[in-house]
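On a predicted model such as this, the values are computed, not experimentally measured, just so you know.
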Amino acid sequence: MFKIFKFALLPTLFFFANFAQASEWSPKRSKWINPVRDYYSDSEMNLEDNEMHMAVLFSELEKSLFYQGFFHEDTLKNGKPVGAFIQAIPPEAFLRQKAIVRNEKKAVDAALLAKGKFSKSNLANLYLSGIGVEKNPQKALEVLGENLYANKTPKEIESEGVSLALRAADPDTAPIFAYIYYYGLGLEKDVEKCNAILNLAYFNFSWRNFYCGYLAPKDFDFAIHALEVNKEFWASKTLSEIYEGKYLSEHANAAKAEHWQKVYEEKSKVFFKELFEENKKELADFEKERDMRQYSKIIFLYGAKKRIFSSICAYNDIVQDNPFYSPEKLDIELKKLKEFCKNDKEFYSTLLSGIYTYSTNVYSPQGRADDEFASYIQKLSKEAKE
C-alpha cells in the first residue's frame, strides 16, 4: 500500500518543488517573474565565440542599432555586423556609455528594412528622436500601429495587466506609448495612463531604454519618472544607484542618492514584513495539517540562514536573514520526512532532491537558499542512496 501511495505522491511533490514558487502569486509583489527574468538579460554574446552562430549575420534591426551607436566597433566585419543578440532591455554596459551615432542615414535605411520583433519600436524612436529624419510624432504613431491603450482608463490598464500588453501585435512598443502619453506627442497628454503602462510588470525595466536611448528616445528625466512611479520597492534602490553615479558620473547627486536609499530601506522593511508574516502563517498551518505538499517549503524555511531574492529585481540580488532559521526544527522535520519514507532510501533521496530544487530556484518569490543549506541538502540526498 505504501508503494502505491509513494508513487502517487512523488509526481505531486516534484510538481510542488518545481512549480509551487511560480504559483506563489501576490498582488503586492512582482508578478510574472519568469517571463521578466527570462526576457531581460544582462548577457551579451559575441557570435565569433560561438561556433553555432559563426555564419549568422546581423539583421537589419541590428545594423540600425549598430549605426545608432550601440554594440562594439569590432562587431563589424566585412561591412556586416556579427555581434550581440537583440533583447528588449539594454544590458548594463549600454547604460555606462553614451551611444554616439555612427551613421544616421544607414541607421534609418536599415530601420526601414527591418521586420519582426522590436523593429517598430526602433523606427518609431528614430522619428521621435530625430535621428536621420525630422522629428515627427505622427509618423511615429503610424509606425507603432494599433494602440490597445487608446480606449482604456488607467485603472483598466492596471487591472488587465500583462495580458493587455501581450495581446498587442508588438507588445514591446508599449513603453514608447507611455512616453507619447507623458508628453502628449500626437495624442492627448495623459500622465496617469503613461504611469499605468509603465507599471505593467512586463515593462518594469523599460527605464533603461530611455536612460540610454535603446529602442526608445533617450530622455534622462523620463527614465527617472519611470522609476519614481514604479510601485516595486526596488525602484528606489535603482534611483539611489543612478544618483550615486553607478552608470554615468554626470548624474551623481549625493543628496538625492541618500534620499532614495532611505526610501528604499523603508519600502524594503514593509515588503519583507508582509512576506514573513505570510510565511509565519504558513508554518502555523503546516503544524496543524502537516500537508506533505508543503514539505519542501517548510524545510527550506527552517534550514536556510539567508534568503537571496533574485526574482524581485531581475538585475540585483537582495539578501535577507531568514527569521525562521532553526537547526533544531530542521533536524526534527528531516527525521519526520525520513520516517515517512519508511526506510526507503531511494524515495527519501528523491524527496531531498525535490527540496534542493525548490530551495535553489532563482525565480522564487520566496527567495533561494544560501549555498550552505543547498549543499547540505544535496549532500543528504547523495548519502541517502548509499
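When all heavy atoms of L144 and I180 are compared, the pair lying nearest together is CD1-CD1, 3.7 Å. Taking every heavy atom of both residues into account, Y348 and A384 meet most closely at CD2-CB, 3.7 Å. Taking each heavy atom of V101 and Y67 in turn, the nearest pair found is CG1-O, 3.5 Å. What you find for C212 and L95 is that their closest heavy atoms are SG-CD2, 4.0 Å. Minimum heavy-atom separation, L330 to G303: CD2-CA, 3.8 Å. Closest of all the heavy-atom pairs between S129 and P217 is OG-CA, 3.5 Å.
A salt bridge links E287 with R290: at least one charged nitrogen is closer than 4.0 Å to a carboxylate oxygen. For D344 and K342, the salt-bridge test fails: no basic side-chain N is under 4.0 Å from an acidic carboxylate O.
Legend: salt bridge (charged side-chain N to carboxylate O under 4.0 Å, His left out) pairs involving residues 355-381, not counting sequence neighbours, sorted by first then second residue: K305-E372, D317-R368, K379-E383. Note on residues 106-116: pairs passing salt bridge (charged side-chain N to carboxylate O under 4.0 Å, His left out), not counting sequence neighbours, are K105-D109.
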(request) Take S240 and T238, measure what side chain to side chain contact (heavy atoms under 4.5 Å, CB included) needs, and give me the verdict at the end. (result) CA-CA 5 Å; S240 176; T238 301; over 6 Å; no
(request) Evaluate side chain to side chain contact (heavy atoms under 4.5 Å, CB included) for V191 paired with Y181, printing each intermediate quantity in order. (result) CA-CA 6 Å; V191 176; Y181 277 120; over 6 Å; no
(request) Output, in order, the C-alpha distance, side-chain angles, deciding distance and verdict of side chain to side chain contact (heavy atoms under 4.5 Å, CB included) for E328 and Y302. (result) CA-CA 9 Å; E328 295 78 16; Y302 285 144; over 6 Å; no
(request) Determine, stepwise, if the pair L128 / K135 fulfils side chain to side chain contact (heavy atoms under 4.5 Å, CB included). (result) CA-CA 5 Å; L128 289 170; K135 285 188 178 182; over 6 Å; no
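The cluster map of Ile, Leu, Val, Met, Phe, Trp and Tyr, joined by side-chain heavy atoms under 4.5 Å apart, puts Y127 and L61 in different clusters. With hydrophobic clusters built from ILVMFWY side chains whose heavy atoms lie under 4.5 angstrom apart, Y183 does not share a cluster with V143. Note on Y179: it does not cluster hydrophobically with L123, by side-chain heavy-atom contacts below 4.5 Å among ILVMFWY residues. One hydrophobic cluster, built from ILVMFWY side chains closer than 4.5 Å, cannot hold both Y325 and F276; they sit in different ones.
Geometrically, R208 does not engage Y214 in a cation-pi contact, judged by NZ or CZ lying under 6.0 Å from the ring centre and within 45° of the ring axis.
Under 3.5 Å, the side chains of R307 and Q366 contain a donor-acceptor pair of N or O atoms. For the residue pair Q68 / S64, a side-chain donor-acceptor distance below 3.5 Å is found, with atom types taken as modelled. Side-chain contact of E282 with N279: a donor-acceptor pair under 3.5 Å is present, judged by distance alone. Side-chain contact of D219 with H225: a donor-acceptor pair under 3.5 Å is absent, judged by distance alone. E333 and Y295 share a donor-acceptor pair across their side chains, judged by distance under 3.5 Å alone.
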Could you list the donor-acceptor pairs under 3.5 angstrom formed between side-chain atoms of residues 255-269 and any protein atom two or more places apart in sequence or on another chain?
from, atom 1, to, atom 2, distance (Å)
Q261, OE1, K237, NZ, 3.1
Q261, NE2, E265, OE2, 3.0

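For the atom pair CZ of F309 and CD1 of I318, the computed distance is 8.5 Å after rounding to the nearest 0.5 Å.
Summarising the local packing, CD of Q97 is surrounded by more than 12 heavy atoms from other residues, nucleotides or ligands at distances under 6.0 Å.
For the salt bridge (Lys or Arg N to Asp or Glu O under 4.0 Å) with E158, the qualifying choice from K193, K152, K231 is K231, the only one to do so.
A226 is linked by a side-chain contact (heavy atoms from CB on, under 4.5 Å) to L198, W207, counting only residues two or more places apart in sequence or in another chain. Residues passing the side-chain contact (heavy atoms from CB on, under 4.5 Å) test with L248, sequence neighbours excluded: K98, Y211, E250, H251. In this structure A369 satisfies the side-chain contact (heavy atoms from CB on, under 4.5 Å) test together with F300, A304, S359, F373, sequence neighbours excluded.
With hydrogens and angles ignored, the 3.5 Å screen pairs no side-chain donor or acceptor of S121 with any backbone N or O of F118.
Taking the six-membered ring where the residue is Trp, the centroids of F222 and Y182 are separated by under 6.0 Å.
Ring geometry for F340 versus F347: interplanar angle of 30 to 60°, hence tilted.
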